[in-house]
Amino acid sequence: MSDTILTRIARFAGCVRSGEFGEDVIKDAHRRLLDTLGVALAASGMEPARISGAVIRGWGGEEQATIVRAGRRYPVPSAAFVNGTLAHSLDFDDTHLPSVLHPSAAVVPAALAAAEAAGASGTGLMAAIAAGDELVVRAGMAGYDEDLGSSVFFERGLHATSICGTLGAALASAMLLGLPEEKIGHAVSISASMGAGIIEANRTGGTVKRIHCGWAAHCGVVAAELARAGLTGPPTVFEGRFGFLRAYLGDDYDVCALVRGLGEEWESEKIFFKPYPANHFTHAAIDAALELRREGIRADKIEDILLGVPAQVLKTIAEPREAKARPESGYAARFSGPFVVASAFLGGGGLGVGLDDFTDEATKDPRKLRLASLVRCVADEECTRIFPRQFPAVLRVRLYDGGTRIVRVLHNRGGPENPLSDEELAVKFRSNASRVFDRSRVQEIEDALMELGPRPEGVARLSRLLRAPADHG
């Protein structure tokens with residue numbers, strides 16, 4: 001077989017599975033597992049869990065893999081679907097820049113389900129997460145237009161997270177199912193026919209985006225199982241005339257982004273952890289508002305707020321203005337520049353702004369609505385130039401006494417230039433997990449995560465702890 005993009009990706013997966021990676025790669029994968037599971041646990045008592053759970057119970061099937069806080073196990077694709085839905089439904093999952101996609105919410109649930117069913121080791125699970133995330137962000141970067149300063153996927157209304165996430169979920173699952181390199185390639189190739197997602201819900205409402213990563217995880221697992229059973233995909237699935245790149249991106253793609261330095265240079269090092277449960281475009285605005293709050297500026301003393309952001313994000317967090325000032329739900333509030341600024345001044349929890357700031361009840365808080373109504377969002381030239389390698393913001397606050405304060409946040413908290421420490425990430429995990437489990441169970445889960453290693457018992461123990469308390473033992 002000729003040396004196609006697919007064969008190079010499959011060879012990369014084989015090398016990572018055999019241990020050809022640095023210690024920092026595994027540490028990073030471990031942090032992503034911790035973060036993703038915490039977010040999924042926090043979402044496990046919410047509406048996305050009820051909806052996705054009701055659907056997969058109708059599907060039935062063998063008990064193979066764990067769904068967080070479910071009293072029984074489910075088939076691997078079903079578990080991947082629900083856990084992936086939970087991992088993405090709070091907009092609290094990690095983000096890669098500048099591709100602007102969320103890799104781990106698809107890859108981690110698929111990998112964990114496949115690892116549990118296959119009896120894989122913790123080391124194998126970490127390797128699969130690392131490789132899967134890397135493929136996701138590289139596929140996303142293939143659609144990044146440097147001149148445009150934006151993702152071609154995004155400009156076309158496509159959700160790169162779910163489309164590229166399917167590829168990474170398939171790669172990780174195939175590695176954990178023990179497929180040889182050729183069949184790992186077929187799994188990825190098959191999955192390219194399965195990825196989908198549009199992002200209109202970000203603008204005008206609807207909750208379908210919450211299942212995008214769940215569906216990507218589901219499809220990735222199914223693609224790996226189909227490859228194991230003998231189904232094949234096209235060898236030129238990426239670069240072919242009717243392949244992935246041209247089908248999604250037309251002639252505007254960077255084929256080298258997929259394979260340049262693959263296995264030697266890790267694009268996934270540029271993935272950001274989210275400190276706040278809101279659309280990532282809003283995070284610098286939260287950072288700026290929290291800084292002013294720490295300085296003692298009170299919401300009731302504010303007369304006017306001007307939020308400067310990259311021009312490219314206005315359509316997501318600022319338009320339509322009336323809807324953003326009065327979001328219709330807690331979920332819609334996560335995509336509102338005005339509301340997140342109000343929440344940063346008036347809310348609290350977690351690392352500064354928490355999940356309770358984005359409930360449906362919170363969107364009816366008259367104090368937050370008054371403050372949100374004062375926020376005007378505009379394009380800022382410096383922020384536009386920096387985007388999307390950062391999601392910067394400039395917050396200008398005018399007080400009733402005539403004073404003015406300006407805060408510029410050019411490097412997002414949680415990224416390589418302004419990282420969350422291990423302890424800060426642990427605080428986020430504990431804050432999320434303690435919403436559904438008591439302190440002792442949260443500590444047991446954290447200990448199990450820390451003790452994952454070369455033996456399969458580690459994954460089995462972690463999975464058992466993630467299930468409902470009645471199933472503990």
Side-chain angles (χ1 to χ4, degrees), residues 4-33 35-36 84 87 93-112 114-115 123-144 151 153 160-176 179 181 184-185 187-189 191-192 195 213 216-217 220 223-224 237-238 244-245 253-273 415-416:
T4 63
I5 293 174
L6 186 65
T7 58
R8 295 175 72 175
I9 289 171
R11 190 160 58 243
F12 158 72
C15 290
V16 174
R17 184 169 59 185
S18 65
E20 297 181 28
F21 48 77
E23 186 62 33
D24 55 334
V25 173
I26 289 300
K27 180 179 179 181
D28 184 67
H30 183 274
R31 282 162 58 90
R32 304 210 176 280
L33 176 61
D35 187 53
T36 304
D93 44 328
D94 59 22
T95 307
H96 174 265
L97 301 183
S99 68
V100 194
L101 47 68
H102 312 283
S104 298
V107 171
V108 168
L112 185 61
T123 304
L125 173 60
M126 295 302 117
I129 291 171
D133 272 2
E134 183 69 10
L135 177 56
V136 175
V137 298
R138 281 178 171 268
M141 284 304 296
Y144 176 68
S151 165
F153 289 104
T161 291
S162 52
I163 294 166
C164 302
T166 303
L167 304 174
L171 185 79
S173 300
M175 290 171 63
L176 289 160
L179 303 191
E181 285 184 19
I184 292 175
V188 174
S189 185
S191 75
C213 286
V237 67
F238 287 104
F244 179 91
L245 295 172
Y253 58 82
D254 179 6
V255 68
C256 292
L258 270 168
V259 291
R260 185 192 299 116
L262 184 62
E264 299 171 0
E265 302 169 9
W266 288 81
E267 183 67 29
S268 51
E269 291 177 351
K270 300 174 186 176
I271 299 174
F272 288 55
F273 290 101

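Numbers for residues simply follow the sequence, beginning at 1. Not measured: the values here are computed from a predicted model.
Residues C213 and G84 share a closest heavy-atom pair of CB-O, 3.6 Å. The shortest non-hydrogen separation linking L125 to A115 is CD1-CB, 4.0 Å. The shortest heavy-atom contact between V137 and P103 is CG1-CG, 3.9 Å. Closest of all the heavy-atom pairs between A187 and A170 is O-CB, 3.7 Å. Closest of all the heavy-atom pairs between D93 and A105 is OD2-CB, 3.4 Å. Nearest heavy-atom pair across A13 and M175 is O-CE, 3.6 Å.
A distance of 12.5 Å separates CD1 in I129 from CG in L171, rounded to the nearest 0.5 Å. Here CZ of R11 is found 12.5 Å from CD1 of I184. Values are rounded to the nearest 0.5 Å. Considering CG of D28 and CZ of F21, their distance stands at 12.5 Å, rounded to 0.5 Å. Rounding to the nearest 0.5 angstrom, the gap separating the CD1 atom in I271 from the CZ atom in R31 is 11.5 Å. Note that CG of L112 is 6.5 Å distant from CG of L33, once rounded to the nearest 0.5 Å. Taking OG from S189 and CG from L167, the interatomic distance works out to 9.5 Å, rounded to the nearest 0.5 Å.
Side chain of T161 to backbone of H102: a donor-acceptor contact under 3.5 angstrom is found. Remark: the backbone N or O of R32 is paired with a side-chain donor or acceptor of T36 at under 3.5 angstrom. Between the T7 side chain and the T4 main chain, a donor and an acceptor come within less than 3.5 Å of each other. Not a single donor-acceptor pair under 3.5 Å links the side chain of R8 to the backbone N or O of R260. In this structure, the side chain of E134 engages the main chain of E267 through a donor-acceptor pair within 3.5 Å.
Looking only at side-chain heavy atoms (C-beta outward), L6 and V188 come within less than 4.5 Å of each other. No side-chain heavy atom of V100 sits under 4.5 Å from any side-chain heavy atom of S151. For the pair C164 and L101, the minimum side-chain heavy-atom distance is below 4.5 Å.
The aromatic rings of F238 and F244 stand perpendicular to each other, their planes meeting at an angle above 60°, with 30° marking the opposite boundary.
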(request) Run the numbers on L97 and K270 for side-chain contact (heavy atoms from CB on, under 4.5 Å), then give the verdict. (result) CA-CA 6 Å; L97 301 183; K270 300 174 186 176; 5.9 Å; no

(message) Working note: I9 + R138, criterion side-chain contact (heavy atoms from CB on, under 4.5 Å); need CA distance, chi angles, decisive distance, verdict.
(response) CA-CA 11 Å; I9 289 171; R138 281 178 171 268; over 6 Å; no

(request) Determine, step by step, whether V25 and V16 satisfy the side-chain contact (heavy atoms from CB on, under 4.5 Å) criterion, reporting the C-alpha distance in whole Å, the side-chain angles of both residues, the deciding distance to 0.1 Å, and the verdict. (result) CA-CA 10 Å; V25 173; V16 174; 6.0 Å; no

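Side chains of D133 and S268: a donor-acceptor N/O pair is absent below 3.5 angstrom, by distance only.
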